[in-house]
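Notes to accompany the following structure.
Below, chain A is the first sequence line, B the second, and so on; all start at residue 1.
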There are 2 protein chains.
Amino acid sequence: MGKDSQRQQERHAIGADLIAVLVAAPNGNPVVLTIKDATALPSGPFELGHRSLQSGLRDWVEQQTGHPLGYIEQLYTFADRDRSGEDSPSRVISISYLGLTREEPSHATPPGSWRNWYEFFPWEDHRYGAPQVIADLIEPALRRWAGTGEHEDRRAKRLGRAAVCFGFDDRPWNEELTLQRYELLYEAGLVEEAVRKEEATSKPLVPGRAMDGDHRRILATGIARLRTKIKYRPVVFELMPPAFTLLQLQRAVEALAGVTVHKQNFRRLIEQQDLVEETGQMSSETGGRPAKLFRFRHAVLDERAVAGTK
Amino acid sequence: MGKDSQRQQERHAIGADLIAVLVAAPNGNPVVLTIKDATALPSGPFELGHRSLQSGLRDWVEQQTGHPLGYIEQLYTFADRDRSGEDSPSRVISISYLGLTREEPSHATPPGSWRNWYEFFPWEDHRYGAPQVIADLIEPALRRWAGTGEHEDRRAKRLGRAAVCFGFDDRPWNEELTLQRYELLYEAGLVEEAVRKEEATSKPLVPGRAMDGDHRRILATGIARLRTKIKYRPVVFELMPPAFTLLQLQRAVEALAGVTVHKQNFRRLIEQQDLVEETGQMSSETGGRPAKLFRFRHAVLDERAVAGTK
DNA sequence: CTTATTATGCTCTTGTTGAGTATAATAAGG
DNA sequence: CCTTATTATACTCAACAAGAGCATAATAAG
């Protein structure tokens with residue numbers, strides 16, 4: 001009896017927060033919704049009045065941004081003790097979500113709320129070749145860090161991880177490893193969040209805007225999830241306007257993935273999968289030959305277990 | 001002030017539960033750990049003493065089964081109100097995990113705790129051809145259900161979903177759709193969990209052992225996750241003994257996926273990826289030509305972002 | 001010494017993917 | 001009007017991966 005009520009006590013000393021990685025891609029810019037001068041992701045408490053976690057999230061996001069959420073997916077739930085204050089009597093469970101929305105809402109959100117996500121991860125954008133910062137800063141710093149491992153096999157492991165993550169030694173760049181890369185930099189003490197509690201460090205940090213708590217890690221999780229998802233589910237269309245050209249679609253995919261794709265192969269893939277249909281309209285905004293406008297064929301979702309792009 | 005403390009109140013009226021889908025594969029049998037005469041998945045409260053969610057789970061699973069967990073992955077978190085009692089003053093957040101363990105622990109767990117997971121999903125085992133129950137019961141019942149839709153497009157959608165999920169009309173069987181299939185059957189009122197609250201229904205149900213609450217749905221989620229995961233991550237090895245033959249490995253994969261694979265192609269794939277290395281030992285337990293014994297090459301995990309099997 | 005059973009090597013065909021070439025349709029500048 | 005730049009779109013080809021079969025090797029059981 002006594003033990004049971006004790007347990008009740010413990011169980012109830014817990015709160016729940018919903019954290020959103022809300023993504024849009026207006027004209028090929030990968031943007032994420034932030035608050036507090038881009039130092040945090042929007043979040044809100046989960047309350048008893050909410051029907052479910054998902055609807056709780058939907059409620060306050062639509063209320064705050066004024067735009068409907070096309071797609072929601074749960075990211076991760078955590079409750080590590082060191083994330084809130086030590087010895088705190090209560091504890092918060094954080095449940096993070098990835099949400100996609102069609103347009104960048106300019107009203108109802110303060111200017112500067114939507115940020116290009118590469119402000120937080122400058123090393124993740126390989127659309128114009130590998131960012132200079134990798135060769136100039138990250139690679140030497142990680143090699144130095146790997147060298148400080150205690151045992152030989154520990155050093156080899158560190159070096160191996162770094163090489164896989166960042167594509168050292170002619171290894172291919174894998175855009176899906178966003179989270180692993182951030183965690184590696186964190187472990188190596190190269191991002192601000194990792195050195196906050198320490199004394200003033202002289203160690204130079206890798207550029208990239210930091211965030212409160214582990215919000216940047218959550219954002220990395222969201223980006224990684226989205227980058228893998230677009231390959232086997234047609235979720236990009238949640239970010240597109242009702243009618244779009246194939247190049248606009250390609251630009252959106254490239255913005256999210258952070259890499260460029262072969263134009264002709266991209267079109268072949270999209271068309272052979274019947275993901276889109278022509279609207280009959282043309283777009284001549286680009287200067288060159290006018291492009292056909294397409295719309296997403298929502299019917300494919302019912303027709304088969306459908307793949308994504310690339 | 002008043003509003004704030006009100007919110008505090010609401011936030012703290014929440015508890016958290018950890019639910020485990022714990023999987024093993026002793027000699028090619030896909031088994032899952034259950035409690036309460038196989039009507040529930042093992043679960044335990046998340047307490048303040050736990051370092052993190054994951055370690056909390058690890059703690060009580062290892063304590064209860066006496067075997068270490070090789071691999072843990074978060075499945076899903078939910079808190080829908082209708083899952084606990086209506087109008088209850090408190091609410092529980094359930095966080096489910098998928099765990100893989102190497103052996104079937106025969107001690108420390110009561111006999112009958114480990115169950116072949118196809119007891120719960122008889123329609124999911126296609127290793128010996130499509131189960132008779134699909135053609136005999138499921139297909140006709142789902143076609144009947146699809147026909148009761150209100151509008152024409154609603155009926156078409158239902159039929160489309162059913163056909164994709166269960167492979168009607170010569171469509172291919174997709175073993176990864178375990179969750180969608182369960183949810184379809186639930187929606188159609190063909191599983192026990194869906195008709196519990198209703199009056200005694202005359203409707204015949206699809207065979208398959210039911211579970212408390214939505215534990216069967218969670219199990220379906222775990223199976224689906226594992227079936228997709230083995231294709232791009234070498235997680236099967238977490239279920240294998242230290243040394244194994246390629247056929248044993250293949251049997252394990254087939255047991256999980258519920259489909260058979262081409263033997264020679266399977267070997268080609270495993271070997272060309274350098275996932276295993278010979279131990280030098282042979283096994284002659286099968287009767288035929290003795291097979292080489294292999295072990296998993298743990299080093300591959302550091303060498304590259306590695307793919308799985310098939 | 002035959003048969004059954006399992007292991008393992010090799011081939012062949014097909015489909016997918018990466019990457020290149022060629023041509024069409026427009027705008028802008030002289 | 002003609003050239004150039006830019007974008008759209010069609011085709012082709014080589015490399016590779018995946019599905020499926022045949023052939024042969026090595027054992028146990030009768």
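In the set C/dT21, D/dA20, D/dC13, the nucleotide with an atom closest to the side chain of A/Arg268 is D/dC13. With distances taken from any side-chain atom of B/Leu269 to the nucleotides C/dT17, D/dG21, D/dA18, the minimum falls on D/dA18.
B/Ile270 has its CD1 atom 15 Å from the P atom of D/dA17, to the nearest Å. When the P atom of D/dA8 is taken as reference, atom CG of A/Leu249 falls 12 Å away, rounded to whole Å. Atoms NE2 (B/His262) and C1' (D/dA18) sit 10 Å apart, rounded to a whole Å.
No donor-acceptor contact under 3.5 angstrom links the side chains of B/Tyr182 and B/Gln180, judged on distance only. Side-chain atoms of B/Thr178 and B/Glu124 include a donor-acceptor pair closer than 3.5 Å. Side-chain contact annotation: A/His262 with A/Gln264, donor-acceptor N/O pair under 3.5 Å present. With hydrogens and angles left out, the side-chain atoms of A/Thr260 and A/Glu254 include no donor and acceptor closer than 3.5 Å.
No donor-acceptor pair closer than 3.5 Å links the side chain of B/Tyr118 to the backbone N or O of B/Gly208. A/Arg295 places no side-chain N or O within donor-acceptor distance of the main-chain N or O of A/Glu277, the cut-off being under 3.5 Å.
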Shorter than 3.5 Å, N or O on both sides, protein versus nucleotides 5-7 of chain C: list them out with atom names.
from: C/dT6; atom 1: O2; to: B/Arg289; atom 2: N; distance (Å): 3.4
from: C/dA7; atom 1: OP2; to: B/Lys263; atom 2: NZ; distance (Å): 2.9
from: C/dA7; atom 1: N3; to: B/Arg289; atom 2: NH1; distance (Å): 3.3

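The residue among B/Asn265 and B/Leu246 whose nearest nucleotide of DNA chain C lies closer to the 5′ end is B/Leu246.
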Strand DNA chain D as a dot-bracket string - pairs counted if Watson-Crick or G-U with both distances under 3.5 Å, | where the partner lies in another strand: ||||||||||||||||||||||||||||||

Please table the atom pairs, donor to acceptor, closer than 3.5 Å between any side-chain atom in residues 165-173 of chain A and protein atoms at least two apart or in another chain.
from: A/Asp169; atom 1: OD1; to: A/Arg143; atom 2: NH2; distance (Å): 3.2
from: A/Arg171; atom 1: NH1; to: B/Glu303; atom 2: O; distance (Å): 3.1

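Residue side chain A/Gln264 reaches the base of C/dT21 through a donor-acceptor N/O pair under 3.5 Å, judged by distance alone.
Taking a cutoff of 4.0 Å between a charged side-chain nitrogen and a carboxylate oxygen, A/Lys231 and A/Glu175 qualify as a salt bridge.
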